[in-house]
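What follows is a short report on a single structure.
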Amino acid sequence: MTIEQKITEIVANAIEKLYATTVSVEQVQLQTTKKEFEGDITVVIFPFVKAARKSPEQAGEEIGKYLQEHEPIIENFNVIKGFLNLSISSAYWLELLGNINAEANFGLKAASEESPMVMIEYSSPNTNKPLHLGHIRNNLLGFSLGEIMKATGNKVVKTNIVNDRGIHICKSMLAWQKFGEGETPESTGLKGDHLVGKYYVIFDQKYKVQIAELIAQGQAEDAAKKNAPLMIEAQEMLLKWEKNDKDVVALWKMMNQWVYAGFDVTYKKLGVDFDSIYYESETYLLGKKKVEEGLEQQLFYQRDDKSVWADLTADGLDEKLLLRSDGTSVYMTQDIGTAQLRFENYPIDKMVYVVGNEQNYHFQVLSILLDKLGFKWGKDLFHFSYGMVELPEGKMKSREGTVVDADDLVEEMIATAKATSDELGKLDGYTEEEAYNVSRMVGLGALKYFILKVDARKNMTFNPAESIDFNGNTGPFIQYTHARIKSVLRKANDLGMAIPTKIDASITLNEKEIGLIQLVGKLPTVIQQAADEYSPSLIANYVYDLVKEYNQFYHDYSILKEENVGIKEMRLLLSQNIAKVIKTGMSLLGVEVPERM
RNA sequence: GGUCGGGUAGCUCAGCUGGAUAGAGCAACAGCCUUCUAAGCUGUGGGUCAUGGGUUCGAAUCCCAUCCUGAUCACCA
């Protein structure tokens, strides 16, 4: 039982006894007592003044007095305005600390056979260019969400949908075929995704030249775009692909393999992974079939030009195209097919899509369409929508070359971490491999934490310079604190001190220690809340609070040099559990914490 | 124009199921290394919580209106 539950229970009980009324759990509002006041936990009295028929002050006094007399854990109290501040006995806090320590997986719930299954789709790359900063936010959010759902007792399937077909894929294929001169990742030393991305850019450059030529010959811009030979060739290639043309398909397979190999490297570096991967090339036909079935059932309608539409005006939305007049599928069609296949493959209870907020409308529509098609899970699919990542200079535009490449960024973060460490002499005496490993954890930790601490819904500004700042609310600051705690524990061990599992209840705790135990004890509540609200940032900011508190404590009080053995042991036990909570919290964000740094 | 987000310190962000004097970090300034890791700690200055109304014992938080800003409303994905 957490401290909040315990206090809620005894307060409710006290009020029922005193005022002969029933009290619901929601009525008992608790908060951590503000620093300026005496006490640990504060009860808001206002909700009870009616039942008490007394002033808030009087009621507070009465309740406080009752608690102090009847509940051994309440040592003292004071009332300020409508707030009853309770001081909890040290013995209770020490017991709580002992209980936390006894739980190896404190805060985490394991999934059981009956646990609901949550499928989380994230990443969703296109196979015509490498991953960029926006994908990084997506990947980190998706992975973290998966960890959080797991930690709250769900079975989690992480999935990816690879957008591997369409005209954009043909563009890079065509450019490679025409201008590539047989280049391969091996021959160039380029990562496969970067090589393919290079040809996507080349296509665009050559295409622009052709458009300019046609315009110079007197064509209108729109016409020029359609008539440029490269575009016509790309479309022909797409048609061939759809007809399963042997050569085109072979080229497509080869280039996609290059890209997948490149993506794998990036994913691995980022520390994200997937339990199952779906490809649009394998699901779009299924979606088409489903739409045709819907058409037969008159859920949709066909226009004169043979295109198929869903009329969603009854749902307050527009009409939505599902099949083009030439019978080919659109994005929505593919998502219907993918969803269906997934639900055939897994007993999914909840589907979560981690996709940027520019697709809010798409998922609103998808939900309704799936529902219309008779999939009962359609209605409760959850679109985890996140905002754009902008740079201090402004928006990222691939055409203007302001895109931050994911691989470059990761390398840059690690290199900066390395440089800073070297400058401070932090990694002296480490082997090269150890030093690199710490730099890797710190550089990635900086990046991941910086992105995950921000509320996902918001557009955010990613400032590379600031993100690598090792002060303040940053990953490295948290990692550093963890490493320092571990260092203290190692020294205690060297001194032959065993850290006890329980502390003698006669010890008196100071304010900071109580505050820390209270914070540590909140972990399970915070994780649950993060899961309920789909909010990794909640965890990030909680861990930061704890770390900040600990750092102050660390500077104000000695641990190893404390003379009172009982207090020293208690502080070691407390430190050990704080390290445990930091590690747990950070692992939910996919951030590693080094033992030393 | 319709729909959906966002607007809190110079900057980046917490706080939002209503609670005490709105919090951190960065930047600026002033201190603290013979001390368990100074990638740290302490202090100072910095706010009409976009604006106006409403709900009530109490509003950054809930409701309404307005303004600013972003996304979206494609036979693109």
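Nothing here was measured: the structure is a model prediction, and the numbers come from that model. So that the names make sense, note that chain A is the first sequence line, chain B the second, and so on, each numbered from 1.
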Between B:A22 and B:A9 - C1' atom distance, rounded Å: 11 Å
For every nucleotide of nucleotides 2-8 of chain B, 5' to 3': is a protein heavy atom under 4.0 Å from its base (B), only from its sugar-phosphate (S), or from neither (-)? ----SS-
If you count heavy atoms of other groups shown closer than 6.0 angstrom to CD of A:Q31, is the number above 12? yes
Selection from B:C36, B:A77, B:A14 that lies nearest to any side-chain heavy atom of A:H168: B:A77
Given the side-chain rings of A:H168 and A:Y200, with only the six-membered ring counted for Trp, is the space between their centroids under 6.0 Å? no
Taking only residues two or more places apart in sequence or in another chain, which ones pass ring pair (Phe, Tyr, Trp, His ring centres under 6.0 Å) with A:F363? A:Y353, A:H383
Give the rounded distance in Å between these two atoms: OH of A:Y554 and P of B:U35. 11 Å
Closest-nucleotide mapping onto RNA chain B: is A:S535 or A:K548 further toward the 5' terminus? I mean the 5' end. A:S535
Taking N and O atoms by type only, does the side chain of A:D335 place a donor or acceptor under 3.5 Å from a partner on the base of B:A77? no
With no angle test and no hydrogens, is the base of B:A71 tied to the side chain of A:S385 by a donor-acceptor pair under 3.5 Å? no
Taking the C1' atom in each of B:C11 and B:G47, what is the distance between them to the nearest angstrom? 14 Å
Ignoring hydrogens and angles, does a donor from either the side chain of A:K426 or the base of B:U37 sit under 3.5 Å from an acceptor on the other? yes
Surrounding CD of A:E563 (heavy atoms of other residues, nucleotides or ligands, distance under 6.0 Å), is the total greater than 12? no
Side chain of A:Y331 (C-beta onward), nearest among B:A77, B:G19, B:G25: B:A77
What's the separation between atom OG in A:S575 and atom CZ in A:F553, rounded to the nearest 0.5 Å? 6.0 Å
Suppose you measure atom C1' in B:C13 against the same atom in B:U51; what distance do you get, rounded to whole Å? 23 Å
Considering only B:C13, B:C36, B:U37, which nucleotide approaches the side chain of A:M460 most closely? B:C13
Can you tell me if the side-chain N/O atoms of A:T420 get under 4.0 Å from OP1 or OP2 in B:A39? no
Less than 4.0 angstrom from a charged side-chain N to a carboxylate O is my criterion; do A:K225 and A:E221 meet it? yes
Which whole number of Å gives the distance between the P atom of B:A60 and that of B:C4? 26 Å
Do A:Y301 and A:E319 pair up side chain to side chain, a donor and an acceptor below 3.5 Å, judged on atom types alone? yes
Mind listing the residues from residues 320-330 of chain A sitting with a heavy atom below 4.0 Å of RNA chain B? Number order is fine. A:L321, A:R324, A:S325, A:V330
Of B:C36, B:U72, B:U37, the nucleotide closest to the side chain of A:I559 is B:C36
Euclidean distance for P, B:G46 against B:G23 (whole angstrom): 14 Å
B:A24 base stacked by A:Y544? Criteria: ring centres under 5.5 Å, plane angle under 30°. no
If the P atom of B:G54 is compared with that of B:U17, how far apart are they to the nearest Å? 23 Å
CD1-OH distance between A:I161 and A:Y278, expressed to the nearest 0.5 angstrom: 9.0 Å
Which nucleotides of nucleotides 54-59 of chain B have their base under 4.0 Å from a protein heavy atom (B), which only their sugar-phosphate (S), and which neither (-), written as one string 5' to 3'? ---B--
Shortest side-chain distance from A:K561, nucleotide among B:A39, B:C36, B:A20: B:C36
Mind checking A:L538 for me? I need base, sugar-phosphate or nothing, with any heavy atom below 4.0 Å counting as a touch. sugar-phosphate
To the side chain of A:Q552, which of B:A39, B:U37, B:C41 is closest? B:C41
What's the closest nucleotide to the A:K81 side chain, out of B:A77, B:A20, B:A38? B:A20
P spacing across the pair B:U44 / B:G58, given as an integer number of angstrom: 33 Å
Please work out if A:S421 contacts a base, only the sugar-phosphate, or nothing of the nucleic acid, heavy-atom cut-off 4.0 Å. base
Gap in Å between the two C1' atoms, one belonging to B:G52 and one to B:A59, rounded: 15 Å
Given B:C36, B:A77, B:G23, the nucleotide with the shortest approach to the side chain of A:V488: B:C36
Side chain of A:D318, heavy atoms from C-beta onward: which of B:A20, B:C73, B:U37 has the nearest atom to it? B:C73
Stems involving RNA chain B, each a run of at least 3 consecutive Watson-Crick or G-U pairs under 3.5 Å: B:1-7 with B:67-73, B:10-13 with B:23-26, B:28-32 with B:40-44, B:50-54 with B:62-66
Pick the closest RNA chain B nucleotide for A:R303 and for A:R484 by heavy atoms, then say which residue is nearer the 5' end. A:R484
Under the side chain to side chain donor-acceptor pair (under 3.5 Å) test, which residues partner A:E242, sequence neighbours left out? A:R165
Chi-based syn or anti call at B:C73, which uses purine or pyrimidine torsion atoms and a 90° bound: anti
